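Computed from a prediction, not measured in an experiment: that's the story for all the values here.
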Amino acid sequence: MTSPSVIYSIEMGRLVFLFASSLLLMVAATTVSAAIVEHSFNVQNLTVNRLCNRHVITAANGRLPGPSIRAREGDTLIIHVFNKSPYNLTIHWHGIHQMLSAWADGPDMITQCPIRSGNKYTYKFKIIKQEGTFWWHSHTSALRATLYGAIIIRPRAGSSYPFPKPYREVPILLGEWWNGNVVDMANQALAHGTGPNISDAYTINGWPGDLYPCSQNQMYKLKVKQGKTYLLRITNAAVDNNLFYKIANHKMIVVAVDARYTNPYVTDVLVVASGQTIDVLLTADQPIGSYYMAARAYASAAGLEFDSTTTRGVIVYEGAASWTSRTPLMPVLPAFNDTPTAHKFSTSLTALVGGPHWEPVPLKVDHKMFVTIGMALDVCPSNTTCQGPPVGAKLSASMNNVSFVPPSSLSLLQAFFFNVGGVYTTDFPVKPPVQFDYTNPSINGDLPLLFAPKGTRITKLKFNSTVEMVMQSTAIIGAENHPMHLHGFDFHVLAQGFGNFNPATDTLKYNLFNPQIRHTIGVPVGGWAVIRFVANNPGVWFMHCHFDGHLPIGLATAFVVENGPTPETTLPPPPVDLPQC
């Protein structure tokens, strides 16, 4: 059980923090200068042993996961990426707003052309009014399966967390592993119009754990001291799966999601959508011994094949006998399709009002959107054998019946900045072109409804306008929980539910006081989610499903945010070394 004193201390710490935060921030701003944090990423082939075989993967600095970046709020990050791999690639700094530094955001053909094999590019950006757990990953093809790492942004020197200082901070990156070349498999799936290949394992900090073959000694181990409290910074870096996560006999206190502080929430299970981060306080309050941590899929799509394996690491208390001589306790994980548990967790979180970088919900809405998200079909090209459902078609995906296609000769941001026509259009629909019973599986009998036209249709927004978007899941080809990620902004999650969104009743459920703030939301399977954000960051910002198997087939769109009225709200020119297509 979680120590009551820990929960009490969090509440008291919150009150003290709220009383003193303004003074602390003023002192910090006047007495502490920001730093420059510089890294070099050498991206190249790396041979590793996993699951009884030797594999060649793409990795940074010879590590899996790649190097962690640690900085403080207000620091400037400079990361030199040397692409020595055989693939063209980009790096995305997941969750970082990139305020006035959209050129450094990293999505392939959205804000830049890829860094070609043998070339280099330097990403430079400042951390502005953000702190918490972020991560970086490749934003090209399926390379992020092995090309990723943690970003830890701590408060400015002189500032503190809105909870008791932990004894130690521990990054936990949940990943996914394939016995094969992930790029080749992704290209094959695209060519044949099928879904992504099912992974062979999940990982914790790069290690699969002892439930997999040849992996008895390939398990993440965390040593703890009894009575101490640890801050676990958990990231779901898996490519195509949302995950459940538990620790045997231990409660966790959620204190932040997507680098936004929350009211303390006590739980024994986490649901982490692909791309999300969760910070939890873990107190080592159990008898001295060893306890497994474990993660496996939350698979919401009925009848769809998925990786049903389980990864686990082990927590070993100081003074415990060797965990190999005495079997650690194993947590009981939820069923793979336990949507009630997933929904309870996802809807129980609330923002820490008045905490660091908290922002109230904007009440005036300038741009309302109702957007269907889900799978679709595409016509199989002539002289091509397609294996998608149904046979003879290609699997596709869409938002409001538009299957997104990125440009090929110029990035969207370059086209916007230099006013180049013919690259995109700003006519993305604010509602579906056809209204239907979105979550009723019988819609799959209406064959014309299943095909979504391709296009690079995006939305243009005035600077500082407020956007409200209802994301409505559909049952086309099958409903599932889609993790939707927005670049450049965080958003308030006003409400979530199941079935078709009903504006007459569901708008009454909006939380306008302390809704959780995120950059990635798992839209409930066969349901909906409502988000709201202020477009105060000029540039081009991608929004997409964070399942890699769904992104290249069109489950995406983008926003063009116009410049503001002053130089301080105007996007600067691109760096001179920006990669060219």
Side-chain angles (χ1 to χ4, degrees), residues 65 90-96 105-111 133-151 173-176 182 186 189 195-196 199 202 234-245 257-260 270-278 295 297-301 304 306-307 342 346 371 373-375 397-399 403-404 406 469 471 473 479-491 493 496 516 518-525 529 531 533 541-559:
T90 66
I91 301 293
H92 169 53
W93 318 96
H94 191 104
I96 302 296
D105 192 41
D108 185 14
M109 300 310 300
I110 307 301
T111 60
T133 303
F134 306 84
W135 62 299
W136 61 266
H137 61 81
S138 170
H139 215 294
T140 309
S141 185
L143 288 174
R144 76 175 173 92
T146 56
L147 189 53
Y148 64 91
I151 303 176
L173 290 104
L174 308 176
E176 204 165 1
V182 292
S199 56
Y202 301 108
I234 301 167
T235 298
N236 183 356
V239 174
D240 281 312
N241 281 281
N242 301 327
L243 298 170
F244 289 116
Y245 175 88
V257 294
D258 289 356
R260 290 286 192 159
L270 305 180
V271 184
V272 199
S274 175
Q276 288 182 340
T277 68
I278 300 179
Y298 163 47
S300 61
L304 189 68
F306 63 96
D307 180 352
S346 298
V371 180
I373 60 171
M375 307 310 294
S398 73
M399 298 178 68
S403 186
F404 181 81
M469 178 187 290
M471 288 181 282
S473 176
E480 68 178 309
N481 183 297
H482 293 285
M484 300 301 296
H485 172 52
L486 177 61
H487 293 228
F489 308 95
D490 292 341
F491 47 74
V493 182
Q496 305 174 61
Q516 59 185 285
R518 313 203 67 130
H519 53 62
T520 305
I521 176 71
V523 179
V525 53
I531 66 171
F533 67 95
W541 305 106
F542 206 25
M543 184 177 195
H544 61 93
C545 179
H546 215 262
F547 288 159
D548 253 29
H550 295 173
L551 171 57
I553 57 176
L555 193 46
T557 188
F559 295 95

Rounded distance [0.5 Å steps], CD1 in I521 versus CD in Q276: 6.5 Å

Nearest 0.5 angstrom please: H139 NE2 to S141 OG, how far? 12.0 Å

Would you indicate whether the side-chain heavy atoms of H519 and L486 approach each other to under 4.5 Å? no

Taking the side chain as C-beta and beyond, is there a heavy-atom pair between F547 and N242 under 4.5 Å? yes

What's the separation between atom CG in L270 and atom CZ in F244, rounded to the nearest 0.5 Å? 10.5 Å

Flag the pair F491 / M469 as yes when at least one side-chain heavy-atom distance between them is below 4.5 Å, and no otherwise. no

Between M543 and F559, the two heavy atoms sitting closest are SD-CE1, 3.9 Å

Tell me if the centroids of the rings in H487 and H544 come within less than 6.0 Å of each other. yes

Step by step, work out the side-chain contact (heavy atoms from CB on, under 4.5 Å) result for M375 and H482. CA-CA 10 Å; M375 307 310 294; H482 293 285; 4.1 Å; yes

Close side-chain approach of L147 and I91, heavy atoms under 4.5 Å: yes

Rounded to the nearest 0.5 Å, what separation is found between the OH atom of Y298 and the OG atom of S274? 14.0 Å

Between OG1 of T557 and CZ of F404, what distance do you get to the nearest 0.5 Å? 6.5 Å

What I'd like to find out is whether the side chain of V182 reaches to under 4.5 Å of the side chain of T146, using heavy atoms alone. no

Test of understanding: with side chain to side chain donor-acceptor pair (under 3.5 Å), list the residues that count as partners of E176, not counting sequence neighbours. S199, N241

Could you give the distance from CD1 (I553) to CG (L555), rounded to the nearest 0.5 Å? 7.5 Å

Any sub-3.5 Å donor-acceptor pair from N236's side-chain atoms to V272's backbone N or O? yes

What's the shortest heavy-atom distance between A142 and A186, and which atoms? CB-CB, 4.1 Å

Kindly write out the residues that satisfy side chain to side chain contact (heavy atoms under 4.5 Å, CB included) with D108, not counting sequence neighbours, or none if the list is empty. T90, P114, T140

Within the structure provided, determine whether D105 and H92 are in side-chain contact (heavy-atom separation under 4.5 Å). yes

For D307, salt bridge (charged side-chain N to carboxylate O under 4.0 Å, His left out) partners two or more places apart: none

P196: partners by side chain to side chain contact (heavy atoms under 4.5 Å, CB included), with sequence neighbours left out: D240

How close do S403 and G554 get, heavy atom to heavy atom, and via which atoms? OG-CA, 3.5 Å

Using modelled atom types only, decide if a donor and an acceptor are shared between the side chain of S138 and the backbone of L143 within a distance under 3.5 Å. no

Find out whether M399 and M484 are in side-chain contact, i.e. whether some heavy atom of one side chain is under 4.5 Å from a heavy atom of the other. yes

Can you give me the closest heavy-atom contact between P524 and Q496, atom names plus distance? CG-OE1, 4.0 Å

Going by salt bridge (charged side-chain N to carboxylate O under 4.0 Å, His left out), name the residues that satisfy it together with R144, two or more places apart in sequence or in a different chain. D548

What pair of heavy atoms forms the shortest contact from P107 to F542, and how long is it? CB-CD2, 4.1 Å

Would you find a donor on one side and an acceptor on the other, under 3.5 Å apart, between the side chain of T133 and the backbone of T277? no

Closest non-hydrogen atom pair between G275 and H94, with its separation: O-NE2, 2.9 Å

Fit a plane to each ring of Y148 and W135, take the angle between them on a 0 to 90° scale, and name the class: parallel (under 30°), tilted (30 to 60°) or perpendicular (over 60°). perpendicular

For T235, the side chain to side chain donor-acceptor pair (under 3.5 Å) test, sequence neighbours excluded, returns none

Given side-chain contact (heavy atoms from CB on, under 4.5 Å), test I373 with V523 step by step and report yes or no. CA-CA 9 Å; I373 60 171; V523 179; 3.7 Å; yes

With a 4.5 Å limit on heavy-atom distance, are the side chains of F533 and W541 in contact? no

